[in-house]
Amino acid sequence: MRGDVRNTQEYCAVEIAMEVLGGRWKLAVLHLLLEKGTLRFGELRRALPSITQRMLTRQLREMEADDLVVRTVYAEVPPKVEYSLTETGHSLRDIAAQLDTWGRRYLDAHGSPARVRDEPAGADNEEAPARNCRGLSPHA
C-alpha cells in the first residue's frame, strides 16, 4: 500500500491528484458510486468482474484514507459493509464525466491502448483487458 498522500511533497497539484486517483480501478469505483450511490462490497465486485477481491479491498482502503469514500459497517450477521462517496468524492463528478467522454472518444478513434492489447493480465489484474465501467468488453 502506498504512503499517506498528506506526506507527499507539493511539487505539483497534478502529482497530488495522480497520487489520490492513480491506479487502474479507483476511477472505475468512483464512477460506479457516482452512478449508483451506496454499494456493498459484493455489488462493486460484481460490477467490476476483472478486479480481484484483494485489489478491490486495497483500492477501497486507499480511497477511504484519502477521504473519497466512507465505509459503513453494520453490526449484523453476516456483517454488512457499504461504501459511499464523501463530499470530496462527489466533487469529482465533473472530472469523472469528462474522463469517461474522453475515454470513449479515444476508444472510437484508436481502439484499446497498446498496453492493454499487448500485455497479458497481471497477478493483481492491473493489466487486465480493457473493460467499460460495467465490466463488459468495449467491443462486445
Side-chain angles (χ1 to χ4, degrees):
M1 204 155 141
R2 67 175 173 75
D4 189 337
V5 73
R6 291 171 290 203
N7 295 330
T8 303
Q9 293 181 358
E10 295 185 36
Y11 295 109
C12 172
V14 171
E15 289 181 60
I16 299 297
M18 291 303 299
E19 184 71 25
V20 172
L21 298 173
R24 165 88 193 251
W25 299 103
K26 287 182 183 177
L27 288 169
V29 169
L30 178 80
H31 183 77
L32 282 167
L33 292 172
L34 283 167
E35 184 179 280
K36 307 228 181 244
T38 300
L39 293 172
R40 294 178 67 173
F41 184 89
E43 293 171 318
L44 286 166
R45 183 86 165 85
R46 282 188 294 278
L48 300 166
S50 297
I51 193 171
T52 63
Q53 182 171 331
R54 177 178 172 258
M55 182 55 66
L56 180 57
T57 299
R58 182 174 153 191
Q59 299 293 277
L60 287 166
R61 283 182 183 158
E62 288 181 10
M63 292 174 78
E64 184 179 11
D66 291 333
D67 191 38
L68 298 179
V69 300
V70 63
R71 179 179 186 260
T72 305
V73 180
Y74 296 92
E76 48 186 69
V77 178
K80 177 180 171 182
V81 179
E82 292 181 336
Y83 294 89
S84 56
L85 291 174
T86 62
E87 185 176 328
T88 303
H90 278 288
S91 74
L92 293 163
R93 179 178 300 280
D94 291 341
I95 293 168
Q98 289 174 353
L99 285 170
D100 183 66
T101 299
W102 185 90
R104 290 173 194 276
R105 286 186 194 147
Y106 183 93
L107 191 59
D108 288 345
H110 304 286
S112 296
R115 174 186 58 78
V116 174
R117 287 190 302 267
D118 299 338
E119 294 184 11
D124 284 332
N125 281 342
E126 286 289 343
E127 304 295 332
R131 308 259 181 217
N132 69 21
C133 295
R134 289 169 188 79
L136 304 173
S137 294
H139 301 293

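Model, not experiment: these values are computed from the prediction. Heavy atoms only: backbone and side chains are in, while hydrogens, waters and symmetry mates are out.
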Any donor-acceptor pair under 3.5 Å from [X] side chain to [Y] backbone:
X: Thr86; Y: Val70; result: no
X: Lys26; Y: Val20; result: yes
X: Glu43; Y: Arg40; result: yes
X: Arg71; Y: Arg61; result: no

To the nearest 0.5 Å, what is the distance between [atom1] on [X] and [atom2] on [Y]?
X: Phe41; Y: Arg46; atom1: CZ; atom2: CZ; result: 10.5 Å
X: Leu60; Y: Glu62; atom1: CG; atom2: CD; result: 10.0 Å
X: His110; Y: Arg105; atom1: NE2; atom2: CZ; result: 12.0 Å
X: Thr88; Y: Leu68; atom1: OG1; atom2: CG; result: 7.0 Å
X: Leu44; Y: Gln53; atom1: CG; atom2: CD; result: 12.0 Å
X: Gln59; Y: Leu48; atom1: CD; atom2: CG; result: 10.5 Å

May I ask you to decide whether Glu82 forms a salt bridge with Lys80, counting only side-chain N to carboxylate O separations under 4.0 Å?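 Lys80 and Glu82: salt-bridged.
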So, Asp100 and Arg104, do they make that salt bridge, N to O below 4.0 Å?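 Result for this pair is yes, salt bridge flagged.
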Heavy atoms, side chains only, cut-off 4.5 Å: are Leu39 and Val29 in contact?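 Side chain of Leu39 against side chain of Val29, heavy atoms only: no contact under 4.5 Å found.
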Report yes if the side chains of Thr101 and Gln98 come closer than 4.5 Å at any heavy-atom pair, otherwise no.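 Not in contact.
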Hphob cluster co-occupancy, [X] + [Y], side-chain heavy atoms under 4.5 angstrom:
X: Leu34; Y: Ile95; result: yes
X: Leu30; Y: Met18; result: no
X: Val14; Y: Leu27; result: no

Which pairs with one or both residues in residues 48-102 pass ring-ring contact (aromatic ring centres under 6.0 Å, His included), sequence neighbours excluded?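 For residues 48-102, and leaving out neighbouring residues, the ring-ring contact (aromatic ring centres under 6.0 Å, His included) pairs sorted by first residue read Trp102-Tyr106.
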